[in-house]
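If you read the sequence from its start, that first residue is 1, and numbering goes on from there.
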Amino acid sequence: MVGDTARAKRQERSVSEDGQADAATEAFVAHRNLLFTVAYEMLGSAADAEDVLQETWLRWAGVDLATVRDRRAYLVRIITRQALTRLRTLGRRKESYVGQWLPEPLLTAPDVAEDVELADSVSMAMLLVLETLSPTERAVFVLREVFDLAYGEIAEAVGKNAAAVRQIAHRARAHVAARRPREVVSPAESRAALDAFRRAVETGDLQSLLDILAPDVVALGDGGGVKQAVPRPIVGADRVARVMIAGMGRVAGAATLEPAQVNGYPALILRLDGELDTVIALRIDGGLITGLYGVRNPAKLSHMDRETLLRR
């Protein structure tokens with residue numbers, strides 16, 4: 001009789017634990033794309049965001065769900081803390097990075113472009129602006145401006161009080177406003193600029209290329225020390241145009257430029273003999289291209305073979 005009672009209690013406990021595991025898995029899967037988006041916007045690296053997502057799952061799996069009032073908020077808190085730790089590590093890693101560092105491009109689904117605020121927040125131009133913030137400022141800005149979390153929720157995520165978070169948010173907002181693109185560009189405007197840029201580069205039409213580039217355009221390249229890339233920023237329409245046309249001229253016959261949706265905006269994929277070589281993203285202000293970002297580092301192109309789902 002005693003043995004039967006003990007066995008029944010073990011079975012009840014097992015059923016209860018299985019139910020908790022199922023509920024934890026269900027909640028994590030439901031919010032997975034949101035959590036990845038938070039981590040990616042904080043880190044600028046899909047590979048690191050995936051690692052942080054895995055670390056978040058391991059911690060979430062050990063949480064007693066009976067103590068969790070808001071599972072989404074709790075998960076965002078975990079991944080923010082993990083991303084902050086990783087972000088500080090990344091800062092040290094970038095100091096020894098060979099050449100210029102650019103965010104890891106993502107092939108994104110069409111619905112990302114339809115959410116203008118989300119597309120703007122994950123654009124290459126915005127991710128580079130976020131790089132100029134401190135880790136805590138970046139976390140606060142992303143959680144407040146992109147995901148519209150309450151100051152109290154953000155405070156729990158970053159380990160500050162709500163008053164301090166308000167001050168950090170104000171400071172980060174002003175910092176970003178001074179450096180972000182002056183206007184949110186529609187997908188149609190981006191496509192028009194991209195098409196004009198592509199035609200000019202493919203045909204070697206220097207004047208047409210100069211017409212679409214802003215006078216102070218800046219071109220950046222990231223080869224990670226593995227592929228050749230411009231070692232430092234190229235500034236000015238004439239210099240950028242001549243470098244672009246000369247580069248395409250060297251690979252004429254082997255190169256193709258294909259339009260793609262990258263980080264929420266139209267971009268170009270350069271293939272050499274059919275193999276992915278470079279992702280070219282643009283920053284556009286006032287109808288002109290003000291930034292060109294060419295990512296060639298093979299380690300950063302692994303998410304270009306499938307669409308990544310991003311969510312707010």
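Contact check for Glu41 versus Ser121: side-chain heavy atoms found under the 4.5 Å cut-off. Between Leu209 and Phe197 there is a side-chain heavy-atom pair separated by less than 4.5 Å. With a 4.5 Å cut-off on side-chain heavy atoms, Glu189 and Ile284 do not count as touching. Using a 4.5 Å heavy-atom threshold, the side chains of Leu292 and Val218 count as separate. Side-chain contact between Ile79 and Leu53: present, with at least one pair of heavy atoms (C-beta onward) separated by less than 4.5 Å. Counting heavy atoms from C-beta on, the side chains of Leu194 and Tyr265 never come closer than 4.5 Å. With contacts defined as side-chain heavy-atom distances shorter than 4.5 Å, the pair Thr37/Leu118 qualifies.
Residue-environment remark: NZ (Lys227) exceeds the threshold of 12 foreign heavy atoms within 6.0 Å. Around atom CD of Glu258, more than 12 heavy atoms belonging to other residues, nucleotides or ligands sit under 6.0 Å away. With a 6.0 Å radius and a threshold of 12 heavy atoms from other residues, nucleotides or ligands, Glu117 has its CD atom at or below the threshold.
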Working for side-chain contact (heavy atoms from CB on, under 4.5 Å), residues Ile154 and Phe147 | CA-CA 10 Å; Ile154 299 172; Phe147 298 96; over 6 Å; no
Working for side-chain contact (heavy atoms from CB on, under 4.5 Å), residues Leu35 and Val76 = CA-CA 6 Å; Leu35 298 174; Val76 169; 4.2 Å; yes
Check step by step if side-chain contact (heavy atoms from CB on, under 4.5 Å) holds for Arg180 and Met126.
-> CA-CA 6 Å; Arg180 76 189 307 170; Met126 176 55 78; 3.1 Å; yes
May I have the step-by-step check of side-chain contact (heavy atoms from CB on, under 4.5 Å) for Met248 and Leu270, ending in yes or no?
-> CA-CA 10 Å; Met248 284 299 292; Leu270 171 66; 4.2 Å; yes
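Asn297 and Tyr97 are linked by a side-chain donor-acceptor pair at a separation below 3.5 angstrom, with hydrogens and angles left out of the test.
For Ala229 against Gly223, the heavy-atom pair with the smallest separation is CB-N, 3.5 Å. Annotation for Leu87 and Pro135: closest pair CD2-CA, 3.4 Å, computed over non-hydrogen atoms. Shortest non-hydrogen contact noted between Asp120 and Ser123 is O-OG, 2.9 Å. A pairwise comparison of heavy atoms in Ala39 and Ala49 identifies CB-CB, 3.8 Å as the closest pair. Among all heavy-atom pairs drawn from Gly264 and Ala113, the shortest one is O-CB, 3.5 Å. Taking each heavy atom of Asn263 and Leu106 in turn, the nearest pair found is OD1-N, 2.7 Å.
Under the 4.5 Å side-chain heavy-atom criterion for grouping Ile, Leu, Val, Met, Phe, Trp and Tyr, Leu130 is connected to Val165 within one hydrophobic cluster. Linking ILVMFWY side-chain heavy atoms closer than 4.5 Å, directly or via other members, places Leu257 and Ile245 in a single hydrophobic cluster. Tracing side-chain contacts under 4.5 Å through hydrophobic residues (I, L, V, M, F, W, Y), one never reaches Leu128 starting from Ile289; they form parts of separate clusters. Val68 and Leu75 fall within the same hydrophobic cluster, defined by Ile, Leu, Val, Met, Phe, Trp and Tyr side-chain heavy atoms under 4.5 Å apart, directly or through other members. Val279 and Leu268 are members of different hydrophobic clusters when ILVMFWY side chains are connected at heavy-atom separations under 4.5 Å.
The closest donor-acceptor contact from the side chain of Thr85 to the backbone of Arg81 lies under 3.5 Å. Not a single donor-acceptor pair under 3.5 Å links the side chain of Arg271 to the backbone N or O of Thr256. A distance-only check finds no donor-acceptor pair linking the side chain of Arg86 to the backbone of Leu43 [under 3.5 Å]. Side chain of Glu145 to backbone of Arg173: no donor-acceptor contact under 3.5 angstrom is found. In terms of modelled atom types and a separation under 3.5 Å, the side chain of Arg179 and the main chain of His175 share a donor-acceptor contact.
To the nearest 0.5 Å, atom CG of residue Asp285 and atom CG of residue Asp216 are 9.0 Å apart. Leu206 CG to Met244 CE: the interatomic distance, rounded to the nearest 0.5 Å, is 12.5 Å. The NZ atom of Lys94 sits 8.5 Å away from the OG atom of Ser45 when rounded to the nearest 0.5 Å. Atoms CZ and CD, on Arg171 and Glu137 in that order, are 4.5 Å from each other to the nearest 0.5 Å. Once rounded to the nearest 0.5 Å, the distance linking CE of Met124 with CD of Glu104 reads 9.5 Å. The CG atom of Leu213 sits 8.0 Å away from the CG atom of Leu288 when rounded to the nearest 0.5 Å.
We find that Asp148 and Arg312 are not joined by a salt bridge, their nearest charged nitrogen and carboxylate oxygen being 4.0 Å or further apart. Using a 4.0 Å cut-off between charged side-chain N and carboxylate O, Asp238 and Arg242 make a salt bridge.
For the side-chain contact (heavy atoms from CB on, under 4.5 Å) with Leu149, the lone residue among Val38, Leu143, Thr80, Val142 that qualifies is Leu143. Tested against Phe28, the residues Tyr74, Trp57, Trp60 include a single ring pair (Phe, Tyr, Trp, His ring centres under 6.0 Å) partner, Trp57.
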Identify all side-chain donor-acceptor contacts of residues 300-311 below 3.5 Å with residues at least two apart in sequence or on another chain.
unit_1	atom_1	unit_2	atom_2	d
Lys300	NZ	Leu102	O	2.5
Lys300	NZ	Asp222	OD2	2.6
Arg306	NH1	Ser302	O	3.2
Arg311	NH1	Asp111	OD2	3.1
Arg311	NH2	Asp111	OD2	3.4

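In this structure Arg32 satisfies the salt bridge (Lys or Arg N to Asp or Glu O under 4.0 Å) test together with Glu50, sequence neighbours excluded. Shown here are the salt bridge (Lys or Arg N to Asp or Glu O under 4.0 Å) partners of Arg77, two or more places apart in sequence or in another chain: Glu156.
Judged by a 6.0 Å distance limit and a 45° cone about the ring axis, Arg144 is positioned over the six-membered ring of Tyr151.
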